[in-house]
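Below: one structure in structure tokens.
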Number of protein chains: 2
Amino acid sequence: MISTKGDYGVRALIDLAVHAGEGPVQRADIASRRHISESYLDHLLAQLRRDGFIRSTRGPGGGHELAKPAADLCLLHVLESLEGSLAPIGCVHEDSADDEHDPLCGQQWVWRELYDGMRERLAEISVAELVEREQAREQAIAPSYSI
Amino acid sequence: MISTKGDYGVRALIDLAVHAGEGPVQRADIASRRHISESYLDHLLAQLRRDGFIRSTRGPGGGHELAKPAADLCLLHVLESLEGSLAPIGCVHEDSADDEHDPLCGQQWVWRELYDGMRERLAEISVAELVEREQAREQAIAPSYSI
DNA sequence: ACAATGCTGACCAAGTTGGTCGAGAATAAC
DNA sequence: GTTATTCTCGACCAACTTGGTCAGCATTGT
Ligand code: FES
Ligand code: FES
């Protein structure tokens with residue numbers, strides 16, 4: 001359901017969010033920090049740029065930056081950009097919202113219900129929240145600096 | 001996430017549940033009623049039999065039957081039998097339940113949360129409920145018999 | 001001019017999906 | 001015990017997806 005496209009793409013956005021305000025971040029840095037193949041990451045960044053999540057600049061000192069505050073990037077839009085539809089099964093899409101009951105299959109309502117719930121939850125989670133949790137976890141693991 | 005294996009397999013179980021108590025149901029009947037390739041259905045029934053959801057008998061008059069009441073067949077077990085793990089992403093499995101925080105990726109908690117929720121919901125839905133809903137829908141569509 | 005950096009599309013190996021096919025095994029009916 | 005019926009099992013297949021790699025081009029700072 002979620003391939004490395006979505007996973008790596010979100011990792012990249014987290015990285016950009018962490019280093020926001022420090023000027024453009026280069027793909028090589030993202031790739032090495034987040035353990036992603038550099039040339040594969042290219043394609044993911046291209047997709048994120050096409051959909052307006054990041055801004056890129058070429059030439060020396062170039063790189064990538066978030067186009068919006070991390071708090072305004074919700075996981076739902078990001079993942080749908082990277083993965084296409086997140087539908088758990090082919091016959092369910094987000095625009096088949098209402099009571100359009102397909103008479104073919106008696107289990108469609110299950111997937112529609114689960115899909116709607118998932119999309120709702122993903123829309124609530126922002127990249128900023130992911131960064132917060134990551135940093136909170138890092139502090140919990142290594143509090144040795146405060147000795 | 002859910003391929004035709006799971007979809008067709010559940011359709012077949014619904015069919016068996018509808019015709020429960022009428023003796024063994026032949027795969028050709030299931031296939032034609034539920035629009036499934038007959039020889040493909042073979043493999044799905046084999047898997048369902050291996051995991052004890054159905055019972056099969058050979059020879060003339062043979063066929064397949066539910067091994068348990070439809071109310072005791074929950075969608076979670078059936079789908080995990082047919083599809084393998086339903087995890088939305090590779091690094092999340094059902095037995096990584098507790099606080100085993102993988103330090104690699106800052107979004108694992110999202111998938112863990114969604115996955116747990118999904119499994120909980122699927123465990124609540126039985127094949128019997130699918131049959132009920134299907135029949136309720138059929139009556140809603142064609143109430144013309146009561147004229 | 002040149003070096004650094006991003007952009008793009010072609011290409012590729014491995015795995016998954018959604019089947020098909022054919023040989024065989026069990027069993028009921030005759 | 002022969003035959004027709006039905007399930008069983010494994011091999012095989014074409015198309016597609018995944019997770020990349022690579023070469024070449026475009027842009028820009030120095
Ligand atoms: S065809 Fe969509 S749920 Fe079965
Ligand atoms: S590696 Fe599992 S969520 Fe990123």
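First the proteins, then the strands, lettered A, B, ... as listed; each starts at 1.
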Please check the phosphate of dC7(D) (OP1 and OP2 only) for any side-chain N or O of Ser56(B) closer than 4.0 Å.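 Negative; the distance criterion is not met.
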For Arg121(B), is there an ion pair with Glu124(B) - N to carboxylate O distance below 4.0 angstrom?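 Salt bridge: yes.
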Sidechain N-carboxylate O distance under 4.0 Å for Arg55(B), Glu65(B):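 Counted as a salt bridge, because a side-chain N and a carboxylate O are separated by less than 4.0 Å.
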Would you say dT20(C) has OP1 or OP2 under 4.0 Å from some side-chain N or O of Ser37(B)?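 Answer is yes, contact under 4.0 Å.
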Any ion pair linking Arg112(A) and Asp116(A) (charged N to carboxylate O, less than 4.0 Å)?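 No, this pair does not count.
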Does Arg49(B) place a side-chain N or O at less than 4.0 Å from the phosphate oxygens OP1/OP2 of dT8(D)?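 Yes, because at least one side-chain N or O of Arg49(B) sits under 4.0 Å from OP1 or OP2 of dT8(D).
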Can you check the Gln47(A) CD to dG9(C) P distance for me, whole Å?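 Computing the Gln47(A):CD to dG9(C):P distance gives 12 Å.
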Need one value for His43(B): base, sugar-phosphate or nothing, where a base atom within 4.0 Å counts as base even if backbone is also close, heavy atoms only.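 Contact class for His43(B): base.
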Quick one: Leu41(B) CG to dG18(C) C1', roughly how many Å, whole number?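 Going from Leu41(B) (CG) to dG18(C) (C1'), I get 13 Å.
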Can you tell me if the side-chain N/O atoms of Ser3(B) get under 4.0 Å from OP1 or OP2 in dG18(C)?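 Answer is yes, contact under 4.0 Å.
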Glu38(B) has an atom CD; how far is it from atom C1' of dT6(D), in whole Å?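 Nearest whole value for this atom pair: 10 Å.
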Within the structure, does a side-chain N or O atom of Tyr40(A) lie under 4.0 Å from either OP1 or OP2 of dT18(D)?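 No, Tyr40(A) has no side-chain N/O under 4.0 Å of OP1/OP2 on dT18(D).
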Would you kindly give the CZ-to-C1' distance between Arg34(B) and dG18(C), to the nearest whole Å?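 About 20 Å, once rounded to whole Å.
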Starting at the 5' end of DNA chain D, which residue's closest nucleotide do you reach first, Arg50(B) or Lys5(A)?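 By nearest-heavy-atom nucleotide position, the 5'-most residue is Arg50(B).
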Atom-to-atom span, CG of Leu44(B) to C1' of dC9(D) - whole angstrom: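 It works out to 14 Å between those atoms.
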Nearest of dT8(D), dG6(C), dG19(C) to any side-chain atom of Arg27(A)?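 Selected nucleotide: dG6(C).
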dG20(D) phosphate, OP1 or OP2: any side-chain N/O from Ser39(A) under 4.0 angstrom?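 No.
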Counting only side-chain N and O atoms of Arg58(A), is one of them less than 4.0 Å from OP1 or OP2 of dT28(D)?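 So the side-chain polar atoms of Arg58(A) never come under 4.0 Å of the phosphate oxygens OP1 or OP2 of dT28(D).
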Considering only dT8(D), dT28(D), dG19(C), which nucleotide approaches the side chain of His64(B) most closely?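 Nearest nucleotide to the side chain: dT8(D).
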Just checking, Arg119(B) and Tyr115(B): is the charged tip under 6.0 Å from the six-membered ring centre and within 45° of the axis?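 Here Arg119(B) passes the 6.0 Å and 45° test against Tyr115(B).
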Ser85(B) and Glu80(B): CA distance, side-chain angles, deciding distance, side-chain hydrogen bond (donor to acceptor under 3.5 Å, both in side chains) verdict: CA-CA 6 Å; Ser85(B) 170; Glu80(B) 288 190 336; 5.9 Å; no
Separation of Glu83(B) atom CD from dT16(C) atom C1', in whole Å?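 Atom-to-atom, Glu83(B) to dT16(C), this comes out as 12 Å.
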What is the distance, to the nearest angstrom, from the CG atom on Leu82(A) to the C1' atom on dT18(D)?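 Rounding to the nearest Å, CG of Leu82(A) and C1' of dT18(D) are 14 Å apart.
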Given atom CD1 of Ile2(B) and atom C1' of dG18(C), what is their separation to the nearest angstrom?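 Distance check: Ile2(B) CD1 to dG18(C) C1' gives 16 Å.
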